[in-house]
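In what follows, residues are counted from 1 in the order of the sequence shown. Keep in mind it's a predicted model, so treat the numbers as computed, not measured.
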Amino acid sequence: MLDDINQYLTKLGYTCSINQVDGCDRLIVDIVLVTGNIQLMLAAEPPFYSLPEFVLINPDLYGRLAHVTSYESYGKQFGVVCVNAPDSLSINFDQPLLVLEESLKRHVALLKKCISDPDWNKKELLREFYSDWLRICQCGSAKPLLANIEKTILQRLTVYSAIEGREYGIESHDMVHPADSSFSGLSDIHRSMLKGNRQIAGMAVVVPIKELTPAPSRIESLKQWYIDTVAALPEETRSELQQKYSQWRDSSYWVIFTANTVGEDRTWFAINFVRKSKKALPLTIEKLQDWKIEAIPIRLFNQENTVQRGGGKLSLSSKKVAVIGVGSVGCEVAHKLAASGVRNLTLVDPDTYSINNLYRHILDEGWVGAPKSVALCYELHRQFPWSNAKWNTVDLMKFARQENLESYDLIVIAIGNPTQERLFKQYLIDKTFEVPIINCWLEGFGIGGHAVLDVPESRGCFLCSYVCQESGARGLVSNMNFIEPNQVTMKSVAGCGEQFISYGAASSGQTGVMTANLAIRYLEGKQTESCKISWKGNDDDAIAEGIKLTHRYYNFKHSLENLSLFDEDCDVCSL
């Protein structure tokens, strides 16, 4: 096959040869650049299920190159060239020569750019700083140090060791943790520190770097890189580092560096210093001699980075939202709001979590018998360490009378009780309270779900969804429903005397996610007018049970679209 590749590339104008390298025949390609020649060696063999890899021979001849990782084999230096993410391309493995040609083009183009444009090469080295740093971390598969750091200033922090015996989870990592952390008091992280489960491993100092240089390419260069970096710090920073942080004595230190790479992008990385006896933090080459120095992988674990990296919005952290009813729909709403960055959630539900809830609720069996709002609150604090969620075990109307409703940015009602929902709306009207409300509910048999956003001082209110489309008067049944009223839709199991509405976790999840998306859009200011939204499911199960569906169901073609809520016949909106 090498002969076929040689002939194919030669016809394309490349200078190729087949040589013995490490006792094997290898294809070598000579590339002529304006700044000099390079040699690439084909390091892969057909069939190709990813772009075949070419390695650069003697990479040290060209200085430090971005996207090139050097290694030694049989006394020779080679450089692995990263030209793409392995899973980012679909490869036509039936055409190996075409795949090979494409890969070679990419290798040559990247290396030409690196060698001929030093400014671009340096910028790429800085952009790839942390990836290069990981390559010199000797701990291999060790878990990264978690850094709960929010301020990029020179500071001294505490390092807590991982909890012994923990294989998974955040508590299986060492952690840098400030005294004024904003972690929730109910989070496992906070509680483990209060209980003393995490031992103090030592102290760390955070050092901001003004001008970052590329990461060292080899472990042997780490000591000199560290000394050069300390020496290059601004005089004020270096002086403060020496005066404040080189006086304490210990046998283990962590120095955590942070710097901008390209533009506003910021990187964090660490070095651990260890010796047998206690000494001051080494800041010169002379004092560094007796220390073992090791590059450490680090993972920034503060609120800003973690929330945004997970798709949340920091702008939602100050919003105050109440979720009334945290059953199968409400729990999904609350969970998605917390995941979006809403810290200040009030979870309201008088019910207890039961065995019947297991297959359509996010809580696990360990919470059976506990108040739903309490259990869900604890779970949100566990998953989202910066949550301020709190619980309340009252019903909707009692909550309305005991709370300052207008202090909330939004109230979501997911109780599935239209009588109580209409009473609550009338209470708001009577008290002239102006607070945005979302009412959401789910219909049985997978037929669909609905949500209504009622924004004060905008056209349309919750009661618009109760205007009878035939008489124009306010009715007892929502005009959004897909199931005709006055039907028996409850089911029972084996005559146990417990009746229930038939719906599954997927349906409640769909309704919850739809409602949460509507809530987030409102909180972000993207949805400013009252609206209604529905999702429509299949009618198979309903028909099998003899359930009649409304005209709206059969004519509905706007699933998950925000539609105008206003009805001109509404006796409230028409006043």
Side-chain angles (χ1 to χ4, degrees), residues 324-325 329-330 333 396-397 400 405 410-445 447-489 501 510-511 514-515 517-519 521-522 527-537 539 542 547-575:
I324 318 294
V329 174
V333 175
L396 172 60
M397 294 310 299
L405 299 181
L410 178 66
I411 295 176
V412 180
I413 302 176
I415 61 174
N417 186 322
T419 302
Q420 290 294 311
E421 293 172 41
R422 295 198 310 275
L423 281 173
F424 179 74
K425 176 60 180 178
Q426 191 61 51
Y427 177 80
L428 295 180
I429 295 172
D430 294 342
K431 296 292 185 180
T432 65
F433 288 153
E434 294 192 347
V435 55
I437 307 290
I438 292 180
N439 292 80
C440 61
W441 66 99
L442 172 67
E443 296 192 77
F445 307 101
I447 206 69
H450 314 278
V452 171
L453 170 63
D454 184 339
V455 180
E457 299 184 354
S458 76
R459 285 165 57 88
C461 73
F462 173 63
L463 296 178
C464 286
S465 66
Y466 276 84
V467 174
C468 177
Q469 300 301 295
E470 295 178 358
S471 67
R474 191 198 302 182
L476 297 178
V477 179
S478 174
N479 56 41
M480 295 174 62
N481 284 353
F482 292 145
I483 294 179
E484 286 279 8
N486 304 318
Q487 298 182 83
V488 177
T489 57
I501 298 176
Q510 172 88 317
T511 306
M514 177 185 72
T515 304
N517 280 329
L518 178 59
R521 284 186 60 80
Y522 172 76
Q527 178 66 44
T528 58
E529 298 292 321
S530 297
C531 68
K532 59 185 178 181
I533 184 171
S534 302
W535 68 269
K536 175 181 172 179
D539 61 0
I547 301 297
K548 296 179 181 179
L549 305 181
T550 62
H551 291 295
R552 183 173 192 257
Y553 174 82
Y554 291 111
N555 295 302
F556 189 69
K557 303 183 187 310
H558 301 282
S559 276
L560 302 178
E561 291 183 31
N562 290 353
L563 304 175
S564 174
L565 177 60
F566 176 69
D567 191 306
E568 60 185 12
D569 292 323
C570 176
D571 57 328
V572 174
C573 292
S574 61
L575 293 178

Quiz item: Taking atom types as modelled and ignoring hydrogens, do the side chains of Trp441 and Asn417 form a donor-acceptor contact shorter than 3.5 angstrom?
Solution: no
Quiz item: Do His551 and Gln469 have a side chain donor and acceptor closer than 3.5 Å?
Solution: no
Quick one: [atom1] on [X] to [atom2] on [Y], what's the gap to the nearest 0.5 Å?
X      : Y      : atom1 : atom2 : answer
Gln487 : Ile547 : CD    : CD1   : 5.0 Å
Glu457 : Thr528 : CD    : OG1   : 12.5 Å
Asp569 : Cys464 : CG    : SG    : 9.5 Å
Phe424 : Thr419 : CZ    : OG1   : 15.0 Å
Ile324 : Ile438 : CD1   : CD1   : 12.5 Å
Asn439 : Glu421 : CG    : CD    : 4.5 Å

Could you check if a side-chain atom of [X] sits within less than 4.5 angstrom of a side-chain atom of [Y], using non-hydrogen atoms only?
X      : Y      : value
Tyr522 : Pro436 : yes
Ile437 : Ile413 : yes
Ile483 : Ile447 : yes
Met514 : Leu560 : yes
Gln426 : Asp430 : yes
Cys531 : Leu453 : yes
Cys573 : Leu463 : no
Glu484 : Leu549 : no

Self-check item: Among Phe482, Trp535, Tyr553, the one residue meeting ring pair (Phe, Tyr, Trp, His ring centres under 6.0 Å) with His450
Solution: Phe482
Quiz prompt | side-chain contact (heavy atoms from CB on, under 4.5 Å) between Tyr554 and Asp539, intermediate numbers included | solution = CA-CA 10 Å; Tyr554 291 111; Asp539 61 0; 4.2 Å; yes
Quiz prompt | side-chain contact (heavy atoms from CB on, under 4.5 Å) between Lys425 and Asp454, intermediate numbers included | solution = CA-CA 10 Å; Lys425 176 60 180 178; Asp454 184 339; 2.8 Å; yes
Please name the pair of heavy atoms, one in [X] and one in [Y], separated by the smallest distance, quoted to 0.1 Å.
X      : Y      : result
Lys532 : Ser564 : CE-O, 3.3 Å
Val329 : Cys440 : CG1-SG, 3.9 Å
Ser534 : Arg552 : OG-NH1, 3.4 Å
Leu565 : Cys461 : CD2-O, 3.3 Å
Ser458 : Ser530 : OG-OG, 2.7 Å
Ala519 : Leu410 : CB-CD2, 3.5 Å

Practice problem: In sequence, state the C-alpha distance, the side-chain angles, and the governing distance for Asn479 and Val467, and then conclude on side-chain contact (heavy atoms from CB on, under 4.5 Å). | Solution: CA-CA 7 Å; Asn479 56 41; Val467 174; 4.2 Å; yes
Quiz prompt | Counterpart residues, salt bridge (Lys or Arg N to Asp or Glu O under 4.0 Å), relative to Lys536 (two or more places apart) | solution = none
Quiz item: salt bridge (Lys or Arg N to Asp or Glu O under 4.0 Å) with Arg474: which residues, sequence neighbours excluded?
Solution: Asp571
Quiz prompt | Aromatic ring pairing Phe556/His558, orientation class (parallel under 30°, perpendicular over 60°, tilted between) | solution = perpendicular
Quiz item: Between Tyr466 and Arg422, is there a cation-pi geometry (under 6.0 Å to ring centre, at most 45° from the normal)?
Solution: yes
Quiz item: More than 12 heavy atoms of other residues, nucleotides or ligands under 6.0 Å from CZ of Arg459: is that the case?
Solution: no
Quiz prompt | Thr550 side chain to Asn481 backbone, donor-acceptor under 3.5 Å | solution = yes
